[in-house]
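Since the structure is predicted, the reported quantities are computational estimates derived from the model, not experimental observations.
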Amino acid sequence: MRTIVAIGDSTTAGTPGFASPLEAPPDGAGDVESQYAYWLMQIHADWRVLNRGVNGERSDQIRARFTRDVLDATPDAVVILAGVNDIYQGRAAASVERELAAMYAAAAGAHVPVVAATILPFDTATPEQNTQMYAVNAWIVTHAASHGLVCCDTRAGVAAPGTADRLVSSPDHLHPSPDGYRLMALVIEPAVKRALEKAHPLL
């Protein structure tokens, strides 16, 4: 059994259909299909994916609980998806990048393979918010390549065809639908596999 921690904000928690185990202890509440962690475990019965998402959190808030929610679980890999709430609240891309870099470094220091996921779109984003999200996502791709991390373009995975700044399916124009979370899992799954294989070549 491989343990993967999924850490992030609402798009990890499963908002609006599901409240994560951190939000509704001990097992979460709502439609279990409204979280990418569920769909990953449907694909891999030998994976235990811990949903450590919290709705509304910025990257600095996620970083503040990184040791407790990721490193203390001694996982085989971690998926880090953060930054959209920073942008939503008007924070600059550079501040998100600093927090993400710190989380990537903390995982590397603990020998936990990282999947660096890109920020998802939301339908009501302004042009400036989209510019900031694209800046963060471009940095994630570059940083991952230069630091040996696996990058996953989750934004592309859930974007509407031909409309990269809107979700393909959303009940509230801010978060994916259950099918959107399934699409997230489909792009995250091969990235997690690559991360596991890099750490354990014989898997």
Does [X] belong to the same Ile/Leu/Val/Met/Phe/Trp/Tyr cluster as [Y], with side-chain heavy atoms less than 4.5 Å apart forming each link?
{"X": "L196", "Y": "L149", "answer": "no"}
{"X": "V114", "Y": "V70", "answer": "yes"}
{"X": "I7", "Y": "W39", "answer": "no"}
{"X": "L186", "Y": "I188", "answer": "no"}
{"X": "V115", "Y": "V136", "answer": "no"}

Is the side chain of [X] donor-acceptor paired with the backbone N or O of [Y] at a distance under 3.5 Å, no angle test?
{"X": "D165", "Y": "P121", "answer": "no"}
{"X": "N51", "Y": "A13", "answer": "yes"}
{"X": "R52", "Y": "R65", "answer": "no"}
{"X": "D123", "Y": "R166", "answer": "no"}
{"X": "Y38", "Y": "V49", "answer": "no"}
{"X": "N137", "Y": "T118", "answer": "no"}
{"X": "K198", "Y": "G148", "answer": "yes"}
{"X": "Q35", "Y": "V32", "answer": "yes"}

Using the side chain to side chain contact (heavy atoms under 4.5 Å, CB included) rule, take V84 and L120 through it: C-alpha gap first, then chi angles, then the decisive distance, then the call. CA-CA 7 Å; V84 70; L120 272 60; over 6 Å; no

Applying side-chain hydrogen bond (donor to acceptor under 3.5 Å, both in side chains), can you list everything that pairs with S169, at least two apart in sequence or on another chain? S177

Taking side-chain hydrogen bond (donor to acceptor under 3.5 Å, both in side chains) as the test, write out the residues that go with S34, two or more places apart. none

Quick one: [atom1] on [X] to [atom2] on [Y], what's the gap to the nearest 0.5 Å?
{"X": "L174", "Y": "N55", "atom1": "CG", "atom2": "CG", "value": "9.5 Å"}
{"X": "S170", "Y": "D172", "atom1": "OG", "atom2": "CG", "value": "4.5 Å"}
{"X": "T124", "Y": "H173", "atom1": "OG1", "atom2": "NE2", "value": "9.0 Å"}
{"X": "T154", "Y": "I119", "atom1": "OG1", "atom2": "CD1", "value": "9.0 Å"}
{"X": "D60", "Y": "S95", "atom1": "CG", "atom2": "OG", "value": "8.0 Å"}
{"X": "M133", "Y": "E128", "atom1": "CE", "atom2": "CD", "value": "10.0 Å"}

Ignoring hydrogens, what is the shortest heavy-atom contact between [X] and [Y]? Give both atom names and the distance.
{"X": "A73", "Y": "V5", "result": "CB-CG2, 4.1 Å"}
{"X": "G157", "Y": "V187", "result": "CA-CG1, 3.9 Å"}
{"X": "M1", "Y": "D46", "result": "SD-O, 3.1 Å"}
{"X": "P113", "Y": "A195", "result": "CB-O, 3.6 Å"}
{"X": "P21", "Y": "P26", "result": "CB-O, 3.5 Å"}
{"X": "P176", "Y": "L167", "result": "N-CD1, 4.0 Å"}

Could you walk me through whether C151 and I140 pass side chain to side chain contact (heavy atoms under 4.5 Å, CB included), step by step? CA-CA 7 Å; C151 184; I140 289 171; 4.0 Å; yes

Applying the side chain to side chain donor-acceptor pair (under 3.5 Å) test to H44, which of E189, K193, R2 qualifies?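 Exactly one candidate clears the test, E189.
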
[Y] side chain reached by [X] side chain, heavy atoms, under 4.5 Å:
{"X": "D31", "Y": "P178", "value": "yes"}
{"X": "H175", "Y": "Y181", "value": "yes"}
{"X": "W47", "Y": "D76", "value": "no"}
{"X": "D9", "Y": "I62", "value": "yes"}
{"X": "L50", "Y": "P75", "value": "no"}

Going through the distances and angles, do R182 and D179 end up as a salt bridge (Lys or Arg N to Asp or Glu O under 4.0 Å)? CA-CA 5 Å; R182 182 186 65 82; D179 193 57; 2.7 Å; yes

Counting only heavy atoms not in R48 (residues, nucleotides, ligands), do more than 12 fall under 6.0 Å from its CZ?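 No, the 6.0 Å shell around CZ holds no more than 12 heavy atoms from other groups.
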
Look at E99 together with R58 and state whether they make a salt bridge at an N to O cut-off of under 4.0 Å.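 Salt bridge: no.
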
Got a sec, which pairs hit ring pair (Phe, Tyr, Trp, His ring centres under 6.0 Å) with one end in residues 113-148, sequence neighbours left out?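 Checked against ring pair (Phe, Tyr, Trp, His ring centres under 6.0 Å) - neighbours excluded - the pairs reaching residues 113-148 are Y88-F122, Y104-H143, W139-H143, H143-H147.
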
